[in-house]
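All heavy atoms count here, side chains included; hydrogens, waters and symmetry mates do not. So that the names make sense, note that chain A is the first sequence line, chain B the second, and so on, each numbered from 1.
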Number of protein chains: 2
Amino acid sequence: MTRDDPTPLGRRDRKKRQTRAALATAALRLVAERGLDQVTVEEISEAADVSARTFFNYFPTKDDALVGDPEADRDRALRALAAVPPEQPALEALRRAFTEVVDEVQGDAELWLLRMRVVVQHPVLLARLVSGNAVTEQALVSAVAARTGLPPDDAYPALVVAVAGAALRTSMIRWATCDGAGSLAALLDEAFAAVAAGLPDPRTS
Amino acid sequence: MTRDDPTPLGRRDRKKRQTRAALATAALRLVAERGLDQVTVEEISEAADVSARTFFNYFPTKDDALVGDPEADRDRALRALAAVPPEQPALEALRRAFTEVVDEVQGDAELWLLRMRVVVQHPVLLARLVSGNAVTEQALVSAVAARTGLPPDDAYPALVVAVAGAALRTSMIRWATCDGAGSLAALLDEAFAAVAAGLPDPRTS
DNA sequence: ATAAAACTTTGCAGAGGCTGCATCTTTAGC
DNA sequence: GCTAAAGATGCAGCCTCTGCAAAGTTTTAT
């Protein structure tokens, strides 16, 4: 009758995840209430019931506690991208890869809505959210270059990835400003459709 | 025989510009040599022959000394955008606005090549370069919304602006990685043409 | 020319972000 | 249980950035 534990993690790793989550949510909650500069690391740590020093064992920066875990998202996106058959055009492949990420986001809607609210009110963080993608972006560019077989100095891979990223970003912001009403995936599809159509001026439609 | 001074600035403003430029170039040079974390504000200030305290009278942040003057670029872009007749589609209007900015960049090629080299090696700065645009972007979104007459909650303006920004960013990085060989304006036009065509997969052409 | 006004530079003190190191506690594996 | 690895904590210290007040300099008005 003993089922496989869905999480083969020991108590130690469980506690780590727990502490990390506690710090992240405490940070988001406090910053949402008071603003970025009115919250110190010490206050965040206290809210999560750990020492201030421990905070920096989990996040290299105060900001990093607010923007989530870009590495996880990157891995997810890369795996999803690799799963799309190479015959598919790059833009469509990226749309599918991002759909994966977007599903994850909508699964944690509560958390992500709070996060996006905080992020749009503090452009420094928006920057950080994008720069977390700077690493991601490079990986995606390489993947696209490989799948299209283009020479490594071609402009296309970097351009598609950057544009697709722009579509994802605006979709997420739009989703958050509507307080999560509606499907994020649908917004993303709309955005990608508009891009694939060459962004025609809507007046002339 | 007294000609009009081409710069109607007093000695005070001239010195301010001079100091600002000295700080910015010193910062870029030092960071290019040693890396972002191996340069302190005190060293930058010393290289520019002012006190460390004065540095912060010019730039709110060490990073800000490296990314240039986004406000100036924003104003230029907005003015250029306003000058494009409203019948032109939004994407084309943005292309022309950015051409203005790009001309300015290529005018200061030396400085901008150094800046881009520094920026690509420090994603945090890339972030800052983009976030300087976060303010710019909002202004551009409003301008596009106004010129297209779309409802303020429409997704289109934010999407075109973000995508156009992505095209600008990748073009500038591409230009810098080729050490400024070739015309930045030409690269930008290529990128915008690809976007306007819907980013078709280059293999199927 | 001179004095007042306006602005800049600078030093100082201090808060907060962040790191390295040593120590102590908890957990995992035997 | 015992030992070794890993995490948590405290502490000292550097750096970024800000407010304040004391110079010093440029501009303006007389």
Participant: Tell me if the CD atom of Glu71(B) is crowded by more than 12 foreign heavy atoms within 6.0 Å.
Facilitator: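 No - once you tally the heavy atoms of other residues, nucleotides and ligands closer than 6.0 Å, there are 12 at most.
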Participant: Taking atom C1' of dT9(C) as reference, at what distance in whole Å does atom CZ of Arg20(B) sit?
Facilitator: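 Going from CZ in Arg20(B) over to C1' in dT9(C) covers 16 Å.
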Participant: Measure CG/Asp63(B) against P/dC15(D) and give the value in whole Å, please.
Facilitator: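 So the CG-P distance, Asp63(B) to dC15(D), works out to 16 Å.
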Participant: Whole-Å distance between dC7(C) P and Lys16(B) NZ?
Facilitator: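 It is 10 Å, rounded to the nearest whole Å.
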Participant: If you only use heavy atoms from C-beta on, which nucleotide in dT9(C), dT27(D), dG7(D) is closest to the side chain of Arg12(B)?
Facilitator: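 Closest of the options to the side chain of Arg12(B): dT27(D).
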Participant: Which residues satisfy the side-chain hydrogen bond (donor to acceptor under 3.5 Å, both in side chains) test with Glu100(B), sequence neighbours excluded?
Facilitator: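 side-chain hydrogen bond (donor to acceptor under 3.5 Å, both in side chains) check on Glu100(B) returns nothing, list empty.
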Participant: What is the distance, rounded to the nearest whole Å, between atom CG of Leu23(A) and atom P of dG7(D)?
Facilitator: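 That distance rounds to 15 Å.
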Participant: dG7(D) P sits how many Å from Phe59(A) CZ, rounded?
Facilitator: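 Atom-to-atom, Phe59(A) to dG7(D), this comes out as 15 Å.
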Participant: Verify, without hydrogens or angle tests, whether Asp179(A) (side chain) and Ala181(A) (backbone) share a donor-acceptor contact under 3.5 angstrom.
Facilitator: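 Absent.
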Participant: Only counting residues at least two apart or in another chain, list the ones meeting salt bridge (charged side-chain N to carboxylate O under 4.0 Å, His left out) with Asp73(A).
Facilitator: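 Listed in chain order: nothing, the list is empty.
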Participant: Could you tell me the separation between the CG atom of Asp64(A) and the P atom of dG17(C), rounded to a whole number of Å?
Facilitator: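 Result: 14 Å.
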Participant: Hey, is the main chain of Tyr58(B) close enough, under 3.5 Å, to the side chain of Lys16(B) for a donor-acceptor pair?
Facilitator: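 Not a single qualifying donor-acceptor pair exists.
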Participant: Round to the nearest Å and state the distance from Lys62(B) atom NZ to dG17(C) atom P.
Facilitator: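 So the two atoms are 17 Å apart, to the nearest Å.
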Participant: Hey, what bend do you get for the helix from dA1(C)-dT30(D) to dC30(C)-dG1(D) if you fit axes on five pairs at each end, rounded to 10°?
Facilitator: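 Comparing the first five pairs with the last five, the axes sit 20° apart.
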Participant: Strictly below 4.0 Å, heavy-atom distances to any atom of DNA chain C: list the hits from residues 31-58 of chain A, or just say none.
Facilitator: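 Within this stretch, Val39(A), Thr40(A), Val41(A), Arg53(A), Phe56(A) sit under 4.0 Å of the strand.
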Participant: Checking Arg29(B) now: which residues fulfil salt bridge (charged side-chain N to carboxylate O under 4.0 Å, His left out) with it, not counting sequence neighbours?
Facilitator: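 Glu33(B).
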Participant: Return yes when atom CG of Asp49(A) has more than 12 non-hydrogen atoms of other residues, nucleotides or ligands closer than 6.0 Å, and no otherwise.
Facilitator: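 Open: at most 12 neighbouring heavy atoms sit under 6.0 Å from CG of Asp49(A).
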Participant: Given atom NZ of Lys15(A) and atom C1' of dT26(C), what is their separation to the nearest angstrom?
Facilitator: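 The answer, rounded to whole Å, is 7 Å.
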Participant: Holding to salt bridge (charged side-chain N to carboxylate O under 4.0 Å, His left out), I want the full list of residues that pass it with Glu43(A), two or more places apart in sequence or in another chain.
Facilitator: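 For Glu43(A), the residues satisfying salt bridge (charged side-chain N to carboxylate O under 4.0 Å, His left out) (neighbours in sequence not counted) are Arg34(A).
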Participant: Under the 3.5 angstrom rule, does the side chain of Thr61(B) hit a backbone N or O of Asp64(B) as a donor-acceptor pair?
Facilitator: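 Judged by distance alone, no pair lies under 3.5 Å.
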